[in-house]
**Student:** 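To start, I am sharing the structure in question, which I have written as structure tokens.
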Number of protein chains: 2
Amino acid sequence: MDSGGGTIQTRATRKRRKMQRVTMMDVAKLAQVSPSTVSLYLRKPDAVSPAAGQDIARAIDTLGYVPNLVAGGLAAASSRVVSIIVPSIRNAFFAETVSTLQSALAAEGLQVLLGHSEYGEGQEEALVRTALSWAPAAVVLTGLNHSPETRKLLKASRVPVVEMWEIGGEPIDMAVGFSHPQVGASAAGHLLSKGRRNLVFLGARMDEDRRAAQRASGFAEAGKGGGAPICEIINHPGAATVEAGALLLNRALQQAPDLDGIACSNDLIALGVLFECQRRGIAIPERVALIGFGDLDFSTSCVPSLTTIRPSGDLIGKEVARLILARIQEPHAEDARRVIDTSHVLIERRST
Amino acid sequence: MDSGGGTIQTRATRKRRKMQRVTMMDVAKLAQVSPSTVSLYLRKPDAVSPAAGQDIARAIDTLGYVPNLVAGGLAAASSRVVSIIVPSIRNAFFAETVSTLQSALAAEGLQVLLGHSEYGEGQEEALVRTALSWAPAAVVLTGLNHSPETRKLLKASRVPVVEMWEIGGEPIDMAVGFSHPQVGASAAGHLLSKGRRNLVFLGARMDEDRRAAQRASGFAEAGKGGGAPICEIINHPGAATVEAGALLLNRALQQAPDLDGIACSNDLIALGVLFECQRRGIAIPERVALIGFGDLDFSTSCVPSLTTIRPSGDLIGKEVARLILARIQEPHAEDARRVIDTSHVLIERRST
DNA sequence: CAATTTCATCGTAGCGCTATGATGAATGAA
DNA sequence: TTCATTCATCATAGCGCTACGATGAAATTG
């Protein structure tokens with residue numbers, strides 16, 4: 001086994017700087033069991049005898065052993081990591097979902113590897129590629145709109161994939177979310193039911209944010225179907241911020257001075273509209289009814305309080321976690337429900 | 001080398017289900033080079049000849065090879081992962097920092113492993129423990145307040161550690177942030193300079209959020225030092241939300257009916273105060289001057305616009321990334337500046 | 001032209017762990 | 001008692017990659 005002349009390198013000349021890390025082997029030695037038993041204890045504590053378990057626990061404690069999940073992941077051909085890719089973590093919607101999801105996964109010993117694509121499809125593909133490099137237990141993406149290459153990569157990897165915050169198309173694997181056109185339709189329906197006929201939808205960055213665009217077109221369709229003589233969509237090229245809301249209101253009033261109902265693609269925009277109305281003395285809801293989307297923090301408290309549509313970002317997070325955990329525990333239950341509709345709720349407040 | 005009788009297991013009986021994963025070996029074979037060369041090409045493309053590089057690139061493309069970073073991390077004894085632990089990702093401050101940090105790290109091929117501690121010290125220790133299990137390239141924590149055990153773990157690991165969003169104590173390794181008492185003092189100073197004397201500081205969850213508590217005490221000290229006859233701190237036990245702001249204002253008016261200056265530990269609370277004032281017809285800034293903290297999205301747009309203190313969450317993210325990258329590239333430049341003060345800026349608007 | 005240095009490339013030994021099946025003792029059934 | 005079954009524990013072979021030093025050819029020097 002040793003020897004080997006000729007071109008074979010002599011083994012004495014080489015030596016990797018042996019890390020002085022505490023390994024499972026050290027624990028095993030101290031506890032006087034084999035490494036396998038330590039490994040077993042760590043993964044399934046009930047499978048080893050109580051006596052051995054105690055010895056091992058004591059040894060771990062004494063040595064301050066920290067398991068190396070990288071090695072474990074390599075050996076097990078799958079790491080306990082779930083890779084989540086969202087357009088932007090600054091967005092309160094996704095922050096909520098990620099937060100919930102993270103808690104649910106952490107409870108089962110899964111870590112979260114986070115990426116944000118900033119709404120770029122090419123960016124996303126690169127992120128998916130690195131995500132897969134970690135042999136993740138699952139990959140979570142936002143929306144159903146991905147490049148063919150991304151879909152191919154993910155399908156080939158055989159890793160569980162959940163697409164969230166959108167349903168209505170063909171998912172790569174599983175999907176949790178709601179229908180954005182329906183949200184738009186609900187908003188329009190609500191304004192129509194309040195007797196409003198001159199409607200405007202205000203959105204931002206809708207060329208990139210496909211889901212906002214879907215809400216807009218759902219709104220327009222329902223508005224026209226409901227007999228609204230005016231039903232415009234106005235887009236702001238920048239991000240969906242409060243400031244954008246003010247700008248959008250002004251543009252809207254120019255284009256349609258008689259408007260009496262406004263839906264926004266986002267509560268932040270609605271808040272901007274609300275402030276601009278305060279500034280200009282436009283009465284809400286008397287002169288203009290206002291409905292947002294997101295049910296953010298401030299929506300109950302603002303003056304007047306904001307009618308909005310709640311997408312339940314936390315529920316989405318919870319359901320995504322449930323699907324992932326189910327798939328990990330039962331990899332072959334492929335017949336399980338793969339698409340979950342978390343629906344949306346319209347919350348009527350004072351602004352309509 | 002083979003054979004081996006007695007208790008030695010025969011090798012034919014065992015066979016790990018060889019994954020049909022495309023490995024570096026496959027790429028090497030197709031490109032007719034050794035695996036070492038492929039590895040070298042992937043890490044330092046300039047170190048291989050252009051001809052070989054092209055062959056390898058073509059082979060990678062043909063096979064759809066995705067490198068296994070888990071294996072790489074194990075071999076290199078350090079993964080290209082930076083572990084970030086924040087109290088809450090829902091908090092806009094941290095979302096901003098994490099977002100910036102993530103972009104900066106991604107540009108250098110580093111991934112982000114995210115954890116949130118929900119302001120629990122025990123929670124944090126568990127998170128640090130799992131974080132270290134990934135042999136991360138660096139660990140980023142929030143604040144300087146950590147359990148002794150956490151500090152010990154991190155120091156023993158010899159992993160670069162950055163504590164962010166707070167300076168003024170002894171960091172474990174490096175720190176990027178600003179002084180919270182100074183922020184409180186600035187707020188008090190500003191209100192005093194506007195002739196306000198009956199001051200109140202409104203905060204939430206200050207038993208857990210030590211940094212908010214520091215802002216409060218900095219405020220109280222400066223207020224008293226500046227001769228304010230009234231200078232109270234009022235705490236809300238729940239989260240720092242817009243709704244909490246309204247509740248806090250009402251409590252404040254009960255405790256100190258004559259108050260004429262309010263500082264809030266957070267712009268969200270300030271926004272709640274602002275709305276409650278609108279509701280109750282309290283004129284800002286005439287009757288009460290209001291200053292927040294955070295310079296969130298809405299602060300420019302609200303009515304009246306909000307005087308606030310900007311902590312520069314994105315700058316913190318950038319500086320943290322810089323420190324980490326410097327340390328990774330030059331692990332022994334231990335003499336480098338370890339504490340960076342990103343300072344704060346008071347932005348005067350209409351509310352004071 | 002020999003001696004030295006550079007350069008691209010290569011072969012191999014781990015990195016620390018888990019999966020697999022083996023082993024032998026203890027237990028139950030026949 | 002004898003054989004089958006359960007149970008806790010173990011030995012070993014990789015998982016896919018990178019670091020290390022080796023190798024031989026080409027370029028440079030004396």
Side-chain angles (χ1 to χ4, degrees), chain A residues 1-2 4 6-28 31-53 55-56 65-80 133-135, chain B residues 1-2 4 6-28 31-53 55-56 65-80 133-135:
Chain A
M1 177 180 192
D2 39 34
T7 64
I8 294 185
Q9 305 180 350
T10 66
R11 77 110 62 82
T13 50
R14 312 178 59 267
K15 185 77 143 303
R16 193 89 137 232
R17 94 278 86 173
K18 172 95 167 173
M19 291 299 281
Q20 70 229 63
R21 203 186 208 289
V22 178
T23 72
M24 191 176 269
M25 185 80 85
D26 300 319
V27 174
Q32 307 201 42
V33 294
S34 77
S36 315
T37 309
V38 178
S39 171
L40 195 60
Y41 169 76
L42 253 24
R43 285 172 295 117
K44 303 175 188 167
D46 296 338
V48 308
S49 68
D55 286 352
I56 294 170
Y65 170 65
V66 177
N68 184 333
L69 292 179
V70 178
L74 180 59
S78 154
S79 64
R80 312 242 344 126
S133 297
W134 285 101
Chain B
M1 177 180 191
D2 39 31
T7 63
I8 294 185
Q9 305 180 350
T10 66
R11 77 111 57 83
T13 50
R14 310 177 62 269
K15 185 76 141 306
R16 194 86 140 235
R17 95 278 86 176
K18 172 93 166 173
M19 290 299 283
Q20 72 232 60
R21 204 186 206 290
V22 178
T23 72
M24 191 175 268
M25 185 80 86
D26 300 320
V27 174
Q32 307 200 43
V33 295
S34 78
S36 317
T37 308
V38 178
S39 172
L40 194 61
Y41 169 76
L42 254 23
R43 285 172 298 119
K44 303 175 188 166
D46 296 338
V48 309
S49 68
D55 286 352
I56 294 170
Y65 171 66
V66 177
N68 184 335
L69 292 179
V70 178
L74 180 60
S78 156
S79 64
R80 313 248 335 133
S133 298
W134 285 101

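Residue numbering restarts at 1 for every chain, and letters A, B, ... go by the order of the sequence lines.
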**Student:** If I compare all heavy atoms of B:Y65 with all of B:L42, which pair ends up nearest, and what's the gap?
**Tutor:** CE2-CD2, 3.9 Å

**Student:** From B:L40 CG over to B:D46 CG, what is the distance, rounded to the nearest 0.5 angstrom?
**Tutor:** 10.0 Å

**Student:** Does D:dT18 have OP1 or OP2 sitting under 4.0 Å from an N or O in the side chain of B:S39?
**Tutor:** yes

**Student:** D:dA11 C1' sits how many Å from A:M25 CE, rounded?
**Tutor:** 11 Å

**Student:** Any side-chain N or O of A:S34 below 4.0 angstrom from OP1/OP2 of D:dC10?
**Tutor:** yes

**Student:** Roughly how many Å is it from CG in B:L42 to C1' in D:dG16, rounded to a whole number?
**Tutor:** 12 Å

**Student:** Taking all heavy atoms of A:V33 and all of A:V38, pick out the closest pair and write down the distance.
**Tutor:** CG2-CG2, 3.8 Å

**Student:** Which pair of heavy atoms, one from B:P35 and one from B:M24, lies closest together, and at what distance?
**Tutor:** O-SD, 3.8 Å

**Student:** Please list residues of residues 45-52 of chain B whose heavy atoms come under 4.0 Å from any atom in DNA chain C, ordered by number; otherwise none.
**Tutor:** B:V48, B:S49, B:A52

**Student:** Any donor-acceptor pair under 3.5 Å linking the side-chain atoms of A:S36 with those of A:S39?
**Tutor:** no

**Student:** From A:N68 CG over to A:T23 OG1, what is the distance, rounded to the nearest 0.5 angstrom?
**Tutor:** 10.0 Å

**Student:** Categorize A:Y41 for me: base, sugar-phosphate, or nothing, with a 4.0 angstrom heavy-atom threshold over every strand shown.
**Tutor:** nothing

**Student:** Please name the pair of heavy atoms, one in A:V66 and one in A:R21, separated by the smallest distance, quoted to 0.1 Å.
**Tutor:** O-NH1, 3.2 Å

**Student:** Using side-chain hydrogen bond (donor to acceptor under 3.5 Å, both in side chains) as the criterion, list what pairs up with A:S79, not counting sequence neighbours.
**Tutor:** none

**Student:** May I ask you to verify if any side-chain N or O of B:R43 is less than 4.0 angstrom from the OP1 or OP2 atom of D:dC17?
**Tutor:** no

**Student:** Atom CG of B:L74 to atom P of C:dT18: distance rounded to whole Å?
**Tutor:** 11 Å

**Student:** Using the C1' atoms of five pairs at each end, what's the angle between the two axes of the helix from C:dC1-D:dG30 to C:dA30-D:dT1, to 10 degrees?
**Tutor:** 30°

**Student:** Closest approach to the side chain of B:V33, judged atom by atom: which nucleotide of D:dC10, D:dC17, C:dC10 is it?
**Tutor:** C:dC10

**Student:** If you only use heavy atoms from C-beta on, which nucleotide in D:dA19, D:dT9, C:dG14 is closest to the side chain of A:T37?
**Tutor:** D:dT9

**Student:** Expressed as a whole number of angstroms, how long is the span from A:K44:NZ to D:dC7:C1'?
**Tutor:** 14 Å

**Student:** Quick check: closest heavy atoms across A:L74 and B:A71, and the distance to 0.1 Å?
**Tutor:** CD1-CB, 3.6 Å

**Student:** Distance-only, no hydrogens or angles: does the B:S133 side chain make a donor-acceptor pair with backbone N or O of A:P67 under 3.5 Å?
**Tutor:** yes

**Student:** Using a cut-off of 4.0 Å on non-hydrogen atoms, how would the nucleic acid contact of A:L40 be classed: base, sugar-phosphate, or nothing?
**Tutor:** base

**Student:** So which nucleotide from D:dG16, C:dC17, D:dC17 ends up closest to the side chain of B:R21?
**Tutor:** D:dG16

**Student:** Send over the distance from B:W134 CH2 to C:dG16 P, rounded to a whole Å.
**Tutor:** 15 Å

**Student:** Once you round it to whole Å, what is the distance between P of C:dC17 and CD1 of A:I56?
**Tutor:** 13 Å

**Student:** From CG of A:L69 over to P of C:dG16, roughly how many Å is that when rounded to an integer?
**Tutor:** 14 Å

**Student:** Measure the distance from CG on A:D55 to P on D:dA8 and round it to the nearest whole Å.
**Tutor:** 16 Å

**Student:** Between D:dC17, D:dC15, C:dG11, spot the one nearest the side chain of B:S36, thanks.
**Tutor:** C:dG11

